[in-house]
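Before any comments, here is the structure.
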Amino acid sequence: MSSQFGLMRERRFLPFFLTQFFGAFNDNLFKNALVVLMTFEAARYTTLSAGVLVNLAAGIFILPFFLFSATAGQLADKYEKSHLMRLIKLMEIVIMGLGAVAYAMESLWLLLATLFLMGVQSSIFGPVKYAILPQHLAETELVGGNALVESGTFVAILLGTIAGGVMIALPGGAAWVSGAAIVVAVIGYFASRGIPLAHAADAALKVNWNPLTQTWKTIGFTRTNRTVFLSILGISWFWFYGALFLSQFPGYAKDVLGGDEHAVTLLLAVFSVGIGMGSLLCEKLSGRHVEIGLVPMGAAGLTLFGLDLWWASPEVGAAGAGLPLSTLLADGNTWRVIFDLVMVGVFGGFFIVPLYALVQARSAPSHRSRIIAGNNILNALFMVVAAGMGAGLLAAGFEIPQLILITALLNACVAIYIFTLVPEFLLRFIVWLLVHTAYRLEVDGEEHIPDEGPVLIVANHVSFVDALVIMAACRRPIRFVMDHQIFRWPILSFAFRTSGAIPIASAREDATMMERAFERVGEALDAGEVVGIFPEGRITADGELAAFRPGVTRILERNAVPVIPMALQGLWGSFFSRKGGAAMSRPFRRGIFNRIALRIGPAVGAPQADPDTLRQRVLCLRDDKK
């Protein structure tokens, strides 16, 4: 069983998952019931049109994310999180009780007030929800945990939306919705009682209750780490993209496909299933690490399948009107639309899950909740802009398929912009492709690499892609020292430059470059980074381990840091090993899809890390499990 599903048996995860699941279900149960009520019975309550009411309701629900997210982030950093979650769930019970009174009194404005309070409750819950995961899960579990949360959330949204629409249409539907919302809120509260303690990140924090000044300050927290900030922009863009798609489902089902109200549910269902599938696949594809290499692949899929959805869409009004699902599903083109929506969801999962995990992993623990709050503020802003853009384009005469086309093309532009600003995303994508296409990589001993602090890595050198393979296997960025000629190789040079590799030449070739390389190695270790070297000084010519050069001794004389020995197995004789050697006389003799391994040994202290000792450690690792 995948470890991510194993989390569902753990007390440190399951109660939190259920709390989040029932909360998302309840939000959408109440919201959709209210939307259906306003759509079909608006005249009973007000002279405003149904369309105005629905958009008003959407704005009322999202407004608290602007007003209270900054305060919520402070509370989540200041107080113990499991207790805070229980208080929030008690608040939900009270709010659902108020909603029941509003339904009984048939008071539209009290219903909208309840919706506003639901938004308040959700805005307070959001920072706690994402900030608690890194406290209860290991780094290797973050991707799987986020995948379960995201897939569970979309399933809850789907089920809540369907339940709300069905219940409100029943005789006495308001009573059914009221009773169900209160029961689900109570179940969510009891689930929250099982959440383990998650200690305050900054108990001494003084809460600023001014929403305007604190909102600006909270957004400032998101900018302290450039990669985190751009990841948050990526998350917000995903919600922009998703909000535009989801808001078009009713019109797309009715006007483009020609279906009835069940067609809307079908579109929402297949999109939610796709998000769930993509989210759950992330852990397997990422090797249980925060693998941001999946993000460019997710962005590409969002654009490609968005474009195909536009291409596959019938002319508006050509399909007819009010067609039952059986008629729609008899049309092969409908299945293409369904496939495109599923794949948009799948690649959306690839896009969003690593970004959430990255924000959690790289945010400073002392103000992680405030960074999550800043993310929620920006998410809300992007969704409001998406709603405005969608409404504006439709009012200007654009049709829904054209809106889908514009969204897909915008996604390509935004993705290129973000990946240009942070080439690390593309670098990890290249590395991920290498070890999931050309090779099948097995890693043993990754726990020997410390989570922080300066480390020197030494490894045998058997191919031109050794550095990329080791980078793929390690969760921390590595700055490799490499021959200046390999550093300049086309295509691979992008990966080496982006990773901060340090080119080096022999003293005979360029003494100045060599001295500068040793200076940069020292600076990197001073900064607490991981530096990797191949002490043989060149790729092996015969597959055997050559003598280690004294450069490692010089590095350790300046920086007495731990040394991690590593050994690559299976790369010698593969397509990327040294050209012209015996192993390359038949370059595809072993096939291009080789199984390779990286063996990582325990750290060697600087005083014991002489070249001969390190060579012997690498040799033992290389020959182990051959």
Side-chain angles (χ1 to χ4, degrees), residues 23-72 88 91-127 153 156-157 160-161 163-165 167-168 173-174 177-178 181-182 184-185 211-212 215 236 239-240 242-244 246-250 373 376-392 394-395:
F25 177 92
N26 227 14
D27 279 351
N28 287 277
L29 168 74
F30 190 93
K31 280 194 300 183
N32 198 49
L34 184 56
V35 166
V36 171
L37 185 70
M38 290 187 299
T39 300
F40 292 99
E41 299 187 41
R44 286 176 53 195
Y45 299 95
T46 179
T47 57
L48 295 176
S49 69
V52 170
L53 277 178
V54 169
N55 283 281
L56 177 64
I60 286 174
F61 182 79
I62 207 167
L63 178 61
F65 286 89
F66 291 106
L67 297 178
F68 303 112
S69 286
T71 303
I88 294 169
M91 179 181 175
E92 182 181 335
I93 295 173
V94 173
I95 293 170
M96 291 302 128
L98 178 63
V101 172
Y103 271 123
M105 295 175 60
E106 296 190 347
S107 170
L108 176 63
W109 304 112
L110 191 55
L111 284 169
L112 292 176
T114 303
L115 190 64
F116 178 81
L117 291 174
M118 287 173 57
V120 173
Q121 187 247 351
S122 295
S123 69
I124 297 173
F125 187 76
T153 298
I157 290 171
T161 300
M167 285 184 181
I168 198 66
V177 171
S178 299
I182 292 173
V184 172
L212 297 178
T215 294
S236 298
W239 287 111
F240 177 100
L244 266 174
L246 289 171
S247 63
Q248 306 317 312
F249 281 177
N376 290 346
I377 294 169
L378 291 173
N379 290 174
L381 176 62
F382 273 62
M383 286 190 282
V384 168
V385 173
M389 178 182 135
L394 291 173

Could you go through L112 and L108, starting from their C-alpha distance and side-chain angles, then the distance that decides it, and tell me whether this counts as side-chain contact (heavy atoms from CB on, under 4.5 Å)? CA-CA 6 Å; L112 292 176; L108 176 63; 4.3 Å; yes
Atom CG of L98 and atom OG1 of T114: how far apart are they, to the nearest 0.5 Å? 3.5 Å
Do you know the tightest heavy-atom contact between A163 and F25? CB-CZ, 4.0 Å
Apply the test side-chain contact (heavy atoms from CB on, under 4.5 Å) to residues V120 and M91: give CA-CA distance (whole Å), side-chain angles for both, the deciding distance (0.1 Å), then the verdict. CA-CA 10 Å; V120 173; M91 179 181 175; 3.8 Å; yes
Pairwise distance CG(L110) to CG(L117) - rounded to 0.5 angstrom: 9.0 Å
Are any of the side-chain heavy atoms of L29 and M167 separated by less than 4.5 Å? yes
Taking every non-hydrogen atom, the tightest pair across F68 and S123: CB-OG, 3.7 Å
Using a 3.5 Å distance criterion without hydrogens, assess whether the side chain of N26 forms a donor-acceptor pair with backbone atoms of A181. yes
Closest heavy-atom pair, A386 versus L244, reported as atoms and distance to 0.1 Å, is O-CD2, 3.4 Å
Excluding sequence neighbours, so at least two apart, what forms ring-ring contact (aromatic ring centres under 6.0 Å, His included) with F65? none
First locate atom CD1 of I124, then atom CD of Q121, and finally report the distance between them rounded to the nearest 0.5 Å. 7.5 Å
When you look at N379 and F240, which way does the side-chain contact (heavy atoms from CB on, under 4.5 Å) test go after all the steps? CA-CA 8 Å; N379 290 174; F240 177 100; over 6 Å; no
Please check if any side-chain donor atom of S69 sits under 3.5 Å from a side-chain acceptor atom of N376, or the reverse. no
Write down the atom of N28, the atom of A24, and the distance for their closest heavy-atom approach. ND2-O, 2.8 Å
Rounded to the nearest 0.5 Å, what separates atom OG in S178 from atom CD1 in I168? 7.5 Å
Taking every non-hydrogen atom, the tightest pair across L111 and G99: CD2-O, 4.1 Å
Given M118 and E92, is the side-chain contact (heavy atoms from CB on, under 4.5 Å) satisfied, shown in steps? CA-CA 7 Å; M118 287 173 57; E92 182 181 335; over 6 Å; no
For the CG atom of L378 and the CG atom of L381, what is their distance to the nearest 0.5 Å? 6.5 Å
Apply ring-ring contact (aromatic ring centres under 6.0 Å, His included) to F30 and list each qualifying residue two or more places apart in sequence or on a separate chain. Y103
Quick check for you: to the nearest 0.5 Å, what is the distance between F116 atom CZ and I95 atom CD1? 10.5 Å
Taking all non-hydrogen atoms of both residues, which atom of F66 and which atom of T215 are closest, and how far apart? O-OG1, 3.6 Å
So, the side chain of N32 versus the backbone of T161: is there a donor-acceptor pair under 3.5 Å, distance only? yes
Any non-hydrogen side-chain atom of D27 less than 4.5 Å from a side-chain atom of S122? yes
